[in-house]
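Count residues from 1 along the sequence. Order of appearance sets the numbers: ligands from 1, and atoms from 1 within every ligand.
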Amino acid sequence: MSDVLSSKFDLSGKRVFVAGHRGMVGSALVRRLAKESVAEVLTETRANLDLLNQSSVDTWMLDNKPDVVLLAAAKVGGILANSTNPASFIYENLMIEANLIHAAWKVGVKKLVFLGSTCIYPKMAPQPIKEESLLTGPLEPTNEWYAIAKIAGIKLCQAYRKQHGSDFISVQPTNLYGPGDNYDLQASHVLPALIRKAYEAKAANAKELVVWGSGKPLREFLHVDDLADAVIFVTKNYSAAEPLNIATGEEVSIGDLARHVCKAVGFQGNLVFDSSKPDGTPRKLADCSNLHALGWNNARNLETGIAETFANALKTGELTTSMRLSA
Ligand code: GFB
């Protein structure tokens, strides 16, 4: 990584476009950018910029000519949403990436950071998963559609770097959580789902909480504000074709995660494991030695992060609002 270490990009005075600023990742990036001396943070409404439409993206990019693009716009969801909406996950993600990356090249964007996911790696990749594992084996079937689209995004960045010399990089965050998450049980990832289930079970004085699958799969969970900090760090310090993993190094089983959530929420009933629901990939521990070599490390621990997230969701009404919407 020594050549990579010397690659510095100065964010100060730059006009930075956050694509997907209303999502969990995009909004965290906007919060984090407030600490940087950028000239302007550009965001746009869906009504004025349709990321699925090439001419809308071309026109907007030409009118606004950002210096930097942080590509956090994506169609995302948990294991159930991924398995039941394959067309939406592959189509929307491919269109967003292709439109934005091509337009970014056309208007001379100086730096673009594409956000992928650690689900791009083969289901049975050796653990911890190194970036070199990309495209070395079959994908996890529950999210292969999303994964293929995200792999295409990485390849787009590599292709524009190779053919045009564009400084486009990609990062692969592990499972994320934090403010702005989706608490709809049909679409959400596991952590907000468990927070909601524990909250409702406690309120109803229930004896049990249902956890999907066997509880045995292992995952890492990164707080979205820590991801945003890492993304700004790599924007300033990394320039290479290889994607970069961003994770915590702290692995937890889904069963233990449920126990942490119950403790944070104060639910004291039993866990019941529903084996009719999929486990998904058995383990995805990301090797972050390249990120560490650059100088970024995760600080927050998972139990603290869960307690903060639950308290924040109660305070903002995020948890109760989405319960009302999805009821
Ligand atoms: O977070 P999650 O939906 O997605 O599920 P993945 C992680 C694990 O938690 C699986 C279990 O083993 C689920 O079966 N789980 C237990 C639950 N209870 C629940 C629950 O109530 N809701 C949910 N959603 N899960 C996603 C991919 O995979 O990871 C995406 O589908 C994306 O493409 C994302 O990459 C980061 O970790 O399995």
Treating T316 as the side-chain partner and E318 as the backbone partner, does any N or O pair qualify as donor plus acceptor under 3.5 Å? yes

Shell of residues surrounding ligand 1, defined by a 4.0 angstrom heavy-atom cut-off that is strict: G77, G78, I79, N82, S117, C119, N143, Y146, N175, S188, H189, V190, A193, K197, V211, W212, P217, R219, I254, P278, D279, K284

Check: N301 side chain, T304 main-chain N or O, donor-acceptor pair, under 3.5 Å: yes

Mark yes when over 12 heavy atoms from residues, nucleotides or ligands other than E36 sit less than 6.0 Å from its CD; otherwise mark no. yes

Tell me whether the centres of the aromatic rings in F17 and W60 are closer together than 6.0 Å. yes

Honestly curious: do L52 and L115 fall in one hydrophobic cluster under the side-chain, below-4.5 Å linking rule? no

Pairs meeting criterion side chain to side chain donor-acceptor pair (under 3.5 Å) with involvement of residues 209-225, two or more places apart: R31-D225, S214-D279, E220-T248

